[in-house]
Amino acid sequence: MNFAYYPGCSARGSSKDYEMSTQAVCKALDMRLVDIPDWNCCGSTPAHAVDTELSAALCVRNLDIAAQQKAEVLLTPCPSCLSNLRMAAKRMENPAFRSRVDELLDGPSAKEFPPVTSVMQGIAAQMDMGAITARVRQSLKGLKLVAYYGCLMSRPAEVMNFGDPENPTLMEEMMSACGAEMLDFPLKTACCGASFGIPERPMTAKNSGRILELATRLGADAIVVACPLCQMNLDLRQDQASAAMDTKFRMPVLYFTQMMGIAFDLPEKELGLNKLCVSADGLIRKLGELRREEAAKPAEQKAKAAEGGR
Amino acid sequence: MPVLNGKELRIVGFLCNWCSYGGADTAGVARATQPTDLRVIRVPCSGRIDPLFIVKALLNGADGVLVSGCHPRDCHYAAGNFYARRRLEVLKQFLPVLGIDERRFEYTWVSASEGQRWQQVVTVFTDRIHKLGPAPQLDDPEPLLKIADMALTSLRSLGTGQKAALAELKEAIKAKLPELDCVIGWQQGYDAAHTVPLFMKTPEDVDKLVWGPFNVNNPAVYLPTFKGKKVGIVVKGCDSRSVVELLQET
Amino acid sequence: MNEAINLNRLRDPAFTEEVEAHSGQKVSTCYQCGNCTAGCPAGFVYDMQVNQIMRAVQLGLKDAVLDSRSIWMCLSCSTCSQRCPNNIDVAGVMETLRHMARKEGRVAVPKVEKFWFSFLDTVRTFGRTHEIGTMALYMMRSLRVFTDVDLAPEALKKGKLGLKPHILPGGAGPVTRIFTRYKERAKREGVRP
Amino acid sequence: MRIGVFICHCGSNIAGTVDCAKVAAIARTYPDVVYADDPMYTCAEPGQAAIEAAIHEHKLDGVVVASCSPRMHEPTFRRTVERAGLNRYMLEMANIREHVSWIGKDMEANTNKAAELVQLAVEKLRNNKPLMAKSFDVNKRVLVIGGGVAGIQAALDCADGGVPVVLVEREATIGGKMAKLDKTFPTVDCSACILGPKMVDVAQHSNITLYAYSEVEDISGYVGNFTVKIRKRSTYVDWSLCTGCGACTEKCPAKKTPDAFNELTGTTTAITIAFPQAIPKKAVINPQFCRQLLKGKCGVCAKVCPTGAIKYDMEDEIITEEVGSIVAATGYDLMDWTVYKEYGGGTYPDVITSLQYERLLSASGPTGGHVKRPSDGREPKNIVFVQCVGSRDKSVGRPYCSGFCCMYTAKQAILTKDHIPDSKSFVFYMDIRAPGKMYDEFTRRAMEEYGTEYIRGRVSQIYPDANGQMTVMGVDTLLGQPVEIKADLVVLAVGVEASKGSPQLAEKLRISYDSYGFFMESHVKLKPVETNTAGVYLAGVCQGVKDIPASVAQGSAAAAKVLALFSKDKLESDPQIAQVDIRRCVNCGKCIRCCPFGAIKEVEIRGEGKAQVIETVCQGCGLCTSTCPQGAIQLSHATDNQILAEVNALCQC
């Protein structure tokens, strides 16, 4: 089944791996993601920080394209894009606002926009957790993971409707469906420092630091994320965070799609694991051992049984 | 004849003693300035108001009539304002028949603490009446009054259903229940002043059935969802029409 | 700095109303419990804490608010809005203040705005963001040449920084036009784009 | 008819914007008006004397007073005319203050309006008839609902006043929330020690019948003659045999039963006695956990019970009591704080409610009075108290202040220091509300003598830091800085709400309640104990949050109201009720159906069915009057004729 797809700019750059794994996993679940043609940047934080109407205009252009495609729903992997697109669509309900935005566009925008949703919710809507479990080839059983949603995924609640804004659980459900043990992570919706990594590094470093510190203390094998910016701040900037907390974190930070890919036993190349700054090799190795032990167990038991029989 | 050589119009207010009259007092205590046209008649409850009073006032030279009672559910007498709401709503529809502009009559709910709201209600209504201007005067309203009286008598029993008949009704339903998939009715909601739909499948369900002024919603809306099923339904007179409609449609 | 604020003189009720109008939030419902500040991830770099901003808005202390660094440091993570006991969208208020400040050309933390413009400029020229471009522009604007250079090689090695910009297949025209129209309108309305 | 009219100046309140003399002059022109005057203060002693004098001098048989709202002074002037020998219903009032002088400045318009309102009153009065109140007997027994400290106080005072009391308590023991407290502020004396004796008095008082583990099922009747159905829930123990020896509780194998009395901080047995000082001290079986009742095999308690009191087949019992008055004292419950997901929503064992903490402090509690963390039983060193959890918080629908949290938090901080001298307590507060005798001094002591750290601000998030501690992210708004505290134990001062089922009880009592379930008093300031239903009174938190002294005071106040009511052998019914003209009544039964109070019944008069009003039940709403197609049933003092007279007065003038 085909889905209109808005990758977002980072998919072409800082989060190539997210993009790759998303494509791979969705393919594995026979969901084909088709880029809407000629899409442009949603403006991200800077746009709406500078001007709501400008930000809306940038988003609406994409919504327009999706509308022309007669797309039933528009999927995007990036929470930041998602929240911008949804916010824009919501604001456009106000006629005054709409007309001011239309002024900025080449022509008047479509009356109706298709609903936008995250790839994660898209998958959840397509198939229940059972179906995901059914697709698992290499269970994540024995891996201790924490799900980190960041601040955009569930807030503002009325726009994102992503379950309890203080305690979303969709990612946990998906990871558990893949067999992983999910630790309760109180900071799951805390902010990582967002796009301030460049202009105000200490702030980002400290916030990411808090998150990495708690995950490390909880004894997590990895943090699972769904946001390119979070991933960048926690992974690429992990050393900066370490410095800020004067310690040395070694915490793999994977996209939930990469984790699912591993569980589905998709080739590592397609998941872009090599693009992680904090390597996931240790994780993969641990998983391998776990599965081997498991495979070994029945043999032992047989052996025992045999002895018992004698 | 215009009051104060045209400065004022004749506006009569019927206020229930417990909420709205108190609200008007509260407005006074707060020195909330209001137009001077309104003259208030105090009644124990909005349910005491006979629509005939209003028609009489309007036919005898009042330019506007304002009725105000306790907010629905806050009635000092539990249910009085629900009866009032029914009657006054129908009255609104009926006034044009008597050649009275229905905009000259309004009913609302104001609590004893809502002084500001009262001020606003009076101001808005008075403005409205002033926009409409003085009401056309009849030299002999009596014949019209007679018609009104006859017509309104039928209004009086509005919503006084059938409590007595409830027992028999329940029996009747219980008797029929075996051959039906379900019977739709009302049951008490989260408090005595609210009802929610009741779908009766067992005799125990039937005992939950209630009847009274709080049976506001029209149960017929649930009929389509039972397409192909054999269902019974308890309706008010007005609801029965929608049932008929549904029958005609399918 | 710490001398008494003359509330007769410095107070600007119109400002409070303007903020409430633009943000659609009732600032007067804030009773200063400080929950916003308690949860704010950026608070430690603020010059005025969120609750103090809200207080200043209530009092109509326009200058204090619009010249504060805080409104520029806000991460827009909405933690404050989420947990406000009075259901105030505090983040929304912060954004409104940011817009008002910009329109009046008051930018307490130029580097942040510089970064935003660097980002938006790449969007304007290419239609999509371009990390290297953004960074280069920002370095020039802010003269902070060494920003994140320590990361660049790592990122490059991982192929996470697209070296060449990805321009829209159909050309960046449509997007550029959006910006142009925006700038023109701002000029017409006499506000700073 | 001879009518006297009195236009009150009310100082300048009315005279300021109404020409009272002119109104009086106009009034003299109205039919039947033989006397009109405009005194300075009609309600004052000389003013009333003047009315009496005028009645005698001018042989008046009706009086119109134009002054303030009748809701204010109608009773006053009714007494006045009564003193002068008139029937009290031969008085009418025109409200020319709240409805005229106070809402407009235009002297001409006001004067004209006042005059018309006076005419309105005169026309009404001309149609008035003297009404005689009927009297009926009072059943001098009282029902007290709720055995908390307020209910106990009300019950004891009534009982001491010689009134037989029926006390109904939902739980297995009386004592309510106070019985769960360790110490009480501001004196820090032991709660059980001061409440215990009162509970014993209840048990021993010859005038008190106690139904514990029971609930009010249904209430009918009216002031002086209520009929109450009480459901005695099954305890599976015959209390007439149970001696409270506790043998059963020692032997019961179901030891994992959650302990409701200890706020679930500990476990108990399936058959249990709430606590040592319980009244009545009787065992109760919790059917959710009793193996005999669940699986049908066990029966240990039955075996060990020396008196054979265990009855597994026991069923609920409905008891009917006749009383003349009712005191509602149903108290409160804590709001469901698990909505605060940012505080863990109840998932962190070391984040507990203040009431749970009371149990941890209490010697009769699960830890024997040694403060231990629920998670690992360790003694906490850093304790954080968070106030206003579920109070003053619109976002969770609890905008009101719970009143006593500030005080008990200070108390708990002090007790914590007593229990664990090397501990440190922090209190997050928004405002300290201590307006009571020795209250503020008490909170000061917590800070000054016990070194409790008070921090002004709310808490944004609480989470376990995986090192066995809780991280508390708060703010010090006075410092203008976020603050963070590593805590071993966090105590939430959870806000209160009306106890479960309050709205349902209110419906049974036919009293109103606010949107939070608290019962409505009939006047916020002047009738804080009465309700709008005659004979029903309120005591304690069921009417609004208040602390122990206030609850006790209101308990006594309610008792005083009951005793005052019972001081008369007969009660007078309000004669402003509906009356049936049997000549017109066609027995259509519509009035019977519409009456919200079931005050109309069908009777047979000379072989014909007729409607008849039960005078003591009729509340005088007049619904039947506007319903009767025949105009056969008329509400005295607001008959069709009287109201139409007013309408005509307005329209013809």
Side-chain angles (χ1 to χ4, degrees), chain B residues 3-4 7-8 10 12 14 17-18 21-22 24-36 38-45 47-53 56-57 60-62 74-80 83 87 119 153-154 156-164 190-193 213, chain D residues 68-72 95 97-106 108-110 112-113 116-117 120 124 503-504 506-508 510 512-513 532 576 588-594 596-598 619-623 625-631 635 637-638 640 643-644 646-648 650-653:
Chain B
V3 191
L4 278 179
K7 261 205 303 184
E8 277 185 4
R10 170 72 58 214
V12 180
F14 292 93
N17 175 48
W18 300 100
Y21 198 92
D25 285 357
T26 312
V29 173
R31 310 293 197 278
T33 314
Q34 301 157 35
T36 51
L38 179 75
R39 310 282 184 263
V40 172
I41 295 177
R42 183 168 66 130
V43 291
C45 173
R48 167 67 186 91
I49 296 164
D50 183 334
L52 193 63
F53 299 161
K56 256 203 153 70
N60 283 341
D74 288 353
C75 177
H76 178 79
Y77 302 108
Y83 286 90
R87 294 169 179 158
Q119 175 188 29
T153 321
S154 63
R156 290 171 159 270
S157 54
L158 252 190
T160 62
Q162 320 28 359
K163 224 184 267 168
Y190 63 88
D191 65 35
Chain D
C68 50
S69 170
R71 286 165 57 93
M72 181 90 166
N95 182 350
R97 192 178 74 176
E98 284 82 351
H99 291 193
V100 179
S101 69
W102 274 355
I103 61 171
K105 301 247 168 298
D106 179 338
E108 186 197 10
N110 283 358
N112 172 63
K113 182 175 180 181
E116 287 185 22
L117 290 180
L120 194 77
K124 168 80 171 21
Q504 289 76 357
E507 301 291 349
K508 290 173 187 155
R510 277 191 266 99
S512 41
Y513 53 97
N532 280 342
Q576 297 180 72
C588 66
K590 291 198 166 66
C591 52
I592 298 176
R593 295 194 213 107
C594 76
F597 307 97
Q619 304 280 321
C621 65
L623 200 45
T625 311
S626 52
T627 301
C628 177
Q630 303 297 315
L635 175 63
H637 215 57
D640 287 345
I643 294 176
L644 285 173
E646 296 182 89
V647 173
N648 293 332
L650 276 181
C651 297
Q652 259 85 53
C653 64

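Order of the sequence lines sets the chain letters (A, B, ...), proteins ahead of strands, with each chain counted from 1.
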Comparing B:Cys75, B:Gly22, B:Ala30, B:Pro51 against chain D, the one with the most heavy-atom pairs below 4.5 Å turns out to be B:Gly22

Relative to chain D, which segment of B:Val43 carries a heavy atom at a distance below 4.5 Å: side chain, backbone, both, or neither?
side chain

Say you draw a straight line from CD of D:Glu646 to CD1 of B:Ile41; how long is it, rounded to the nearest 0.5 Å?
5.0 Å

Could you look at D:Leu623 and say if it's the side chain, the backbone, both or neither that has a heavy atom under 4.5 Å from chain B?
both

Nearest-0.5 Å distance that lies between atom NE2 in B:His76 and atom CD in D:Gln619:
6.5 Å

So, applying side-chain contact (heavy atoms from CB on, under 4.5 Å) with D:Cys621, which one of B:Trp18, B:Tyr77, B:Tyr83 is it?
B:Tyr77

Give me the atom names and distance for the closest heavy-atom approach of B:Pro44 to D:Gly620.
CB-O, 3.5 Å

In Å and rounded to the nearest 0.5 Å, what is the CG to NZ distance from D:Leu650 to B:Lys56?
14.5 Å

Ranking D:Ile643, D:Leu120, D:Val100 by heavy-atom pairs under 4.5 Å to chain B gives rank one to D:Ile643

About how many Å separate CG of D:Asn95 and OH of B:Tyr21, when rounded to the nearest 0.5 Å?
4.0 Å

Is there a side-chain contact between B:Arg48 and D:Leu635, using heavy atoms and a 4.5 Å cut-off?
yes

Give the intermediate values and the outcome of side chain to side chain contact (heavy atoms under 4.5 Å, CB included) for residues B:Leu38 and D:His99.
CA-CA 9 Å; B:Leu38 179 75; D:His99 291 193; over 6 Å; no

Suppose we screen for salt bridge (Lys or Arg N to Asp or Glu O under 4.0 Å). Which residues come up paired with D:Arg97, at least two apart in sequence or across chains?
none

Working to the nearest 0.5 angstrom, can you tell me the gap between D:Leu644 CG and B:Asn60 CG?
9.5 Å

Return the option, out of D:Ala506, D:Ser69, D:Gly631, with the maximum number of heavy-atom pairs under 4.5 Å with chain B.
D:Ser69

Is chain D contacted by the side chain of B:Leu52, its backbone, both, or neither, given a heavy-atom distance below 4.5 Å?
neither

Could you report the tightest heavy-atom contact between D:Glu98 and B:Val29, atom names first, then the distance?
CG-CG2, 4.2 Å

Hey, could you give me the CG/OG1 distance between D:Asp106 and B:Thr33, rounded to the nearest 0.5 Å?
12.0 Å

In terms of heavy-atom pairs under 4.5 Å with chain B, the winner among D:Gly589, D:Pro629, D:Gly104 is D:Pro629

Sub-4.5 Å side-chain heavy-atom contact between B:Phe53 and D:Ser626
no

Taking side chain as everything from C-beta outward and backbone as N, CA, C, O, which of these in B:Ala24 sits under 4.5 Å from a heavy atom of chain D? Side chain, backbone, both or neither.
both

From CA spacing to verdict: salt bridge (charged side-chain N to carboxylate O under 4.0 Å, His left out), D:Glu108, B:Lys7
CA-CA 11 Å; D:Glu108 186 197 10; B:Lys7 261 205 303 184; 2.8 Å; yes

